Protein chains: 2
Amino acid sequence: MPRVEVTKKVRQARIAQLIARSQVFSQQGLAEGLVRFGIQVTQATLSRDLTELGVIKGPHGYEVFSRTEPEPRANGDLKRVVREFVRSMDSADHLIVVQTDPGNAHTVAAHIDRAQWPEIVGTIAGDDTIFIALKRPRVANKILARLREVLRPGNGH
Amino acid sequence: MPRVEVTKKVRQARIAQLIARSQVFSQQGLAEGLVRFGIQVTQATLSRDLTELGVIKGPHGYEVFSRTEPEPRANGDLKRVVREFVRSMDSADHLIVVQTDPGNAHTVAAHIDRAQWPEIVGTIAGDDTIFIALKRPRVANKILARLREVLRPGNGH
DNA sequence: AATGCCTTTGTATACTTATACATTCTTTTT
DNA sequence: AAAAAGAATGTATAAGTATACAAAGGCATT
């Protein structure tokens, strides 16, 4: 049974609370903040706690790293990255414009490049936008349809 | 002016490329990866680069945290950056494709954007390529000519 | 050219974080 | 109950990162 002292679980909850409300930049500082909750631990323990909580250190101090995995890297296939990152698509003549989640345009573009579809002349990716240059305008709908296939719900998983 | 050495900008572009494609867990390891690009720097410089790039260290290595582009110190005009970074240009229908020195596409594109030429709908820049979307294909040559003016030798300084 | 300011980078080192090992306490197995 | 196995945590230190300082070069002004 749990002891009278503060459990690991409670401590980690306090840590999450603390870093959510204030900017903490070191485990030493975190330890000091925890003292106000009557919790006293060493830096080593905090290092372990932060790892378990999935906390990372950003420009503004520690933050919970739960958001959509910024970079699933490795090599999923085209379908996977399209389904995961693409928000919308449209075409304009020789060009298809793809909107993705911020920061992931290059990931998607790289996969499209790799597919080497003959109708595509080239792609270029910014932060959240991809331009796909086509050889001829009339293939736009064909390519769009091919890409959209994987976006439809109930389309495998 | 072209420099013999690798510029900071190019180096940071390589860093971004490297951490996007593989999992890097230390600045030491990053330095080793950069050697394959012929770039040799110390850990201290990489620490600074990562800060400037807004890179953080997550469970899967370094990742880009935020695209807080400090925006190229509003310096130099369009002519200067075109002369300095552009390698070649061509058009494809309503699209102009500009090739630049590695890592400098954003700089050039930003200046083109700033010029606000009415014939240009928008631009998007990758690592060394820019797509310029035009309202209508027939203005391509006009824009190309205007850009190429500054590339001609003996064109002021 | 000389001066001064700014940028970039390396060196050395301080600061921060992770981890091997040991200890203590709890739980499970025999 | 004793022994074995695990969990949690501290200690000491290794591993990793940031930064003060100085050197070097670019650029503008004089």
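Convention: sequence-line order gives letters A, B, ...; per-chain numbering from 1. The structure displayed is predicted, hence computed values, not measured ones.
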Trainee: What is the distance, to the nearest angstrom, from the CD atom on B/Gln40 to the C1' atom on C/dT9?
Mentor: 13 Å

Trainee: Quick one: B/Leu30 CG to D/dT17 P, roughly how many Å, whole number?
Mentor: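 Spelled out: CG on B/Leu30 to P on D/dT17 is 10 Å.
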
Trainee: Whole-Å distance between C/dT8 P and B/Arg11 CZ?
Mentor: 9 Å

Trainee: Looking only at side-chain N and O atoms, does A/Lys57 come under 4.0 Å of OP1 or OP2 in C/dT17?
Mentor: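 Yes, because at least one side-chain N or O of A/Lys57 sits under 4.0 Å from OP1 or OP2 of C/dT17.
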
Trainee: Heavy atoms from C-beta onward define the side chain here; which of C/dT16, D/dT11, C/dT11 lies closest to that of A/Tyr62?
Mentor: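 The nucleotide sitting nearest to the side chain is C/dT16.
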
Trainee: Check whether more than 12 heavy atoms from other residues, nucleotides or ligands sit under 6.0 Å from atom CD of A/Gln40, and answer yes or no.
Mentor: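 No, because the 6.0 Å sphere around CD of A/Gln40 holds 12 heavy atoms or fewer from other groups.
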
Trainee: If you measure from the Lys or Arg side-chain nitrogens to the Asp or Glu carboxylate oxygens, is any gap between B/Arg138 and B/Glu119 under 4.0 Å?
Mentor: no

Trainee: Specify the separation, in whole Å, of atom CD of B/Gln12 and atom C1' of C/dT7.
Mentor: 13 Å

Trainee: Between C/dG10 and B/Thr42, is there an OP1 or OP2 to side-chain N/O distance shorter than 4.0 Å?
Mentor: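 For C/dG10, OP1/OP2 do have a side-chain N/O of B/Thr42 under 4.0 Å.
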
Trainee: Please report the distance, rounded to the nearest Å, between NZ in A/Lys9 and C1' in D/dA8.
Mentor: 15 Å

Trainee: How do A/Val41 and B/Thr51 order along DNA chain D: which one's closest nucleotide is nearer the 5' end?
Mentor: A/Val41

Trainee: Which residue in the set A/Gln27, A/Arg14, A/Gln12 passes side-chain hydrogen bond (donor to acceptor under 3.5 Å, both in side chains) when paired with A/Asp49?
Mentor: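 Of A/Gln27, A/Arg14, A/Gln12, side-chain hydrogen bond (donor to acceptor under 3.5 Å, both in side chains) with A/Asp49 is met by A/Gln12 alone.
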
Trainee: Looking only at atom types and distance, does a side-chain atom of A/Lys57 sit under 3.5 Å from a main-chain N or O of B/Ile56, one as donor and one as acceptor?
Mentor: no

Trainee: Less than 4.0 angstrom between a side-chain N/O of B/Thr45 and OP1 or OP2 of C/dT8, yes or no?
Mentor: no

Trainee: By the 4.0 Å heavy-atom rule, please label B/Ser47 as base, sugar-phosphate, or nothing.
Mentor: base

Trainee: Nearest of D/dA20, D/dT17, C/dC21 to any side-chain atom of B/Arg48?
Mentor: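 The answer is D/dA20.
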
Trainee: B/Glu52 CD to D/dT17 C1': how many Å, rounded?
Mentor: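 Roughly 15 Å, once rounded to whole Å.
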
Trainee: Give the rounded distance in Å between these two atoms: CG of B/Leu46 and C1' of D/dA15.
Mentor: 16 Å

Trainee: Has the side chain of A/Thr129 got a donor or acceptor atom that lies under 3.5 Å from a matching backbone atom of A/Ala125?
Mentor: no

Trainee: Of the nucleotides C/dT17, D/dA18, C/dT11, which one has an atom closest to the side chain of B/Gln43?
Mentor: D/dA18

Trainee: Nearest whole angstrom, please: distance from the C1' of C/dT16 to the CD1 of B/Ile56.
Mentor: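 Atom-to-atom, B/Ile56 to C/dT16, this comes out as 17 Å.
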
